[in-house]
Amino acid sequence: MSFSEFKKSFAYGSRNNLSFKFLANFSDDEAANFIENLMKLVASSLNEDNYNEIIKHIVNGQAKAYQGDAKFTYAQGPFCKMREDLSVSKIGLLTSTGHFVSGDDPNPFDVKEFTQNDAVARISDFLREKPSLSIIPKETRKQDLSVRHGGYDITGAKLDPNVAFPIDVLKSLEKQGYIKLLCNELYSFVGACAQKALINEVNKNWLPKIVKHDLDGIVLVPA
Amino acid sequence: MSVGHVARILEENNLPTVIIATEAFSEKLASMSLPRIVLTPFPMGRPLGKPGNYNQHEIVLKESLKLLKSASSSKSFKKLDIKY
């Protein structure tokens, strides 16, 4: 196996590892430098606690790999000012992280018991399909939440959904009075989807579901 | 960039939005002229922080909600400097 094949094998290849799939975006030299510096940091961790330096190196690698990867460019964007103070506001949550309530599986491609491995294997199919919106009641316990998404490493979100779908933190902020109310319906979908179909779906079907709650603002989280 | 498209549609329909994303998405999101973006220095898949670190998640959310309220124009950015 050549080095070039090796670096690409993390992105839906033989070494599939979604935390490092970005290596495929690097030139061979860039990938070699990243791996060399990662190994240096791991070696120095044998002598000192440099956990944050390792994390920083990975974060910087991910950021560098996705530079210049913008597919949608708009010169101007809509803006709506939030009128009410947070303490009297009703807040919503919508994420593209692929969360759903266990027992209410969106069953992608009409397949039952669709696994994370299935999602990774069929990422190209997801990118051609319209997304499905999962409605998650705010009283859902985190142990009753599932996550599946073929585009990112879901291990953190499986351990604690709040890293990407912050349901418990928002409920706590509601309890503290930091916000007045968290919407009783929260939302999630798989962001790896056909973008034109997504825009149509939001305008046609999702928007009425969301605006009926008369929200003052909404938190959006991509994975 | 799915969430960017959702944000634009919601804002067009008078619903203020704030996006919480990891730094890896900074360029993709910036190119979409979005209203409010909070960038976190965390690995992809963990935009709110480390699993189980409730205090970290709360800081990120409070900073994001503050931006949701305080922003007076589009393309408002906040880059958080928090250890993972």
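Below, read A as the first sequence line, B as the second, and so on, with proteins coming before strands; counting in each chain starts at 1.
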What part of [X] gets closer than 4.5 Å to chain A, counting heavy atoms only: side chain, backbone, both or neither?
{"X": "B:His5", "answer": "side chain"}
{"X": "B:Tyr84", "answer": "both"}
{"X": "B:Leu15", "answer": "both"}
{"X": "B:Pro41", "answer": "backbone"}
{"X": "B:Ser73", "answer": "backbone"}
{"X": "B:Ser74", "answer": "both"}
{"X": "B:Thr17", "answer": "both"}

Quiz item: Is a donor on one side and an acceptor on the other found under 3.5 Å between the side chain of B:Gln56 and the backbone of B:Lys83?
Solution: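 Flag set: sc B:Gln56 to bb B:Lys83 pair under 3.5 Å.
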Exercise. May I have the step-by-step check of salt bridge (Lys or Arg N to Asp or Glu O under 4.0 Å) for A:Lys138 and A:Glu174, ending in yes or no?
Key: CA-CA 11 Å; A:Lys138 87 172 178 189; A:Glu174 178 189 54; 2.7 Å; yes
Tell me, out of [options], who's got the most heavy-atom pairs with chain B below 4.5 Å.
{"options": "A:Glu201, A:Lys158, A:Arg83, A:Lys81", "value": "A:Lys81"}
{"options": "A:Asn203, A:Ile210, A:Asp168", "value": "A:Asn203"}
{"options": "A:Leu198, A:Ile55, A:Val202, A:Ile199", "value": "A:Ile199"}
{"options": "A:Ser89, A:Ala75, A:Pro131", "value": "A:Ala75"}
{"options": "A:Leu159, A:Asp85, A:Ile154", "value": "A:Asp85"}
{"options": "A:Pro161, A:Gly151, A:Pro166, A:Ser19", "value": "A:Pro166"}

Practice problem: Answer yes if the side chains of A:Thr95 and A:Ser188 hold a donor-acceptor pair under 3.5 Å, and no otherwise. | Solution: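 Yes, a side-chain donor-acceptor pair sits under 3.5 Å.
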Quiz item: Does a side chain donor of either A:Thr155 or A:Asp153 reach within less than 3.5 Å of an acceptor in the other side chain?
Solution: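 There is such a pair between these side chains.
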Is [X] in contact with chain B via its backbone, its side chain, both, or neither, using a 4.5 Å heavy-atom distance?
{"X": "A:Gln62", "answer": "both"}
{"X": "A:Val59", "answer": "side chain"}
{"X": "A:Leu18", "answer": "neither"}

Flag the pair [X] / [Y] as yes when their ring centroid distance falls below 6.0 Å, and as no otherwise.
{"X": "A:Tyr152", "Y": "A:His149", "result": "yes"}
{"X": "A:Tyr187", "Y": "A:Trp206", "result": "no"}
{"X": "A:Phe10", "Y": "A:Phe22", "result": "no"}

Exercise. Answer yes or no on whether A:Lys21 is positioned over the face of A:Tyr12, meaning its NZ or CZ is under 6.0 Å from the six-membered ring centre and within 45° of the axis.
Key: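 Checked: cation-pi criterion not met.
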Quiz item: Honestly, is A:Arg148 close enough over A:Phe114, meaning NZ or CZ under 6.0 Å from the six-membered ring centre and within 45° of the axis?
Solution: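 Not satisfied by the 6.0 Å and 45° rule.
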Quiz item: Charged N to carboxylate O below 4.0 Å: is that the case for A:Asp160 and B:Lys50?
Solution: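 No salt bridge links A:Asp160 with B:Lys50.
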Relative to chain A, which of [options] shows the most heavy atom pairs under 4.5 Å?
{"options": "B:Gly49, B:Ala24, B:Ser31, B:Ala71", "value": "B:Ser31"}
{"options": "B:Lys75, B:Glu12, B:Arg36, B:Glu23", "value": "B:Arg36"}
{"options": "B:Ala30, B:Gly4, B:Ser72, B:Ser76", "value": "B:Ser72"}

Quiz prompt | Residue from A:Ile167, A:Asn162, A:Val169 passing side chain to side chain contact (heavy atoms under 4.5 Å, CB included) with A:Phe165 | solution =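 Among A:Ile167, A:Asn162, A:Val169, the one that satisfies the side chain to side chain contact (heavy atoms under 4.5 Å, CB included) with A:Phe165 is A:Ile167.
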Quiz item: So with a 6.0 Å cut-off around CD of A:Glu48, is the heavy-atom count from everything else above 12?
Solution: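 Counting neighbours around CD of A:Glu48, more than 12 heavy atoms of other residues, nucleotides or ligands fall under 6.0 Å, so yes.
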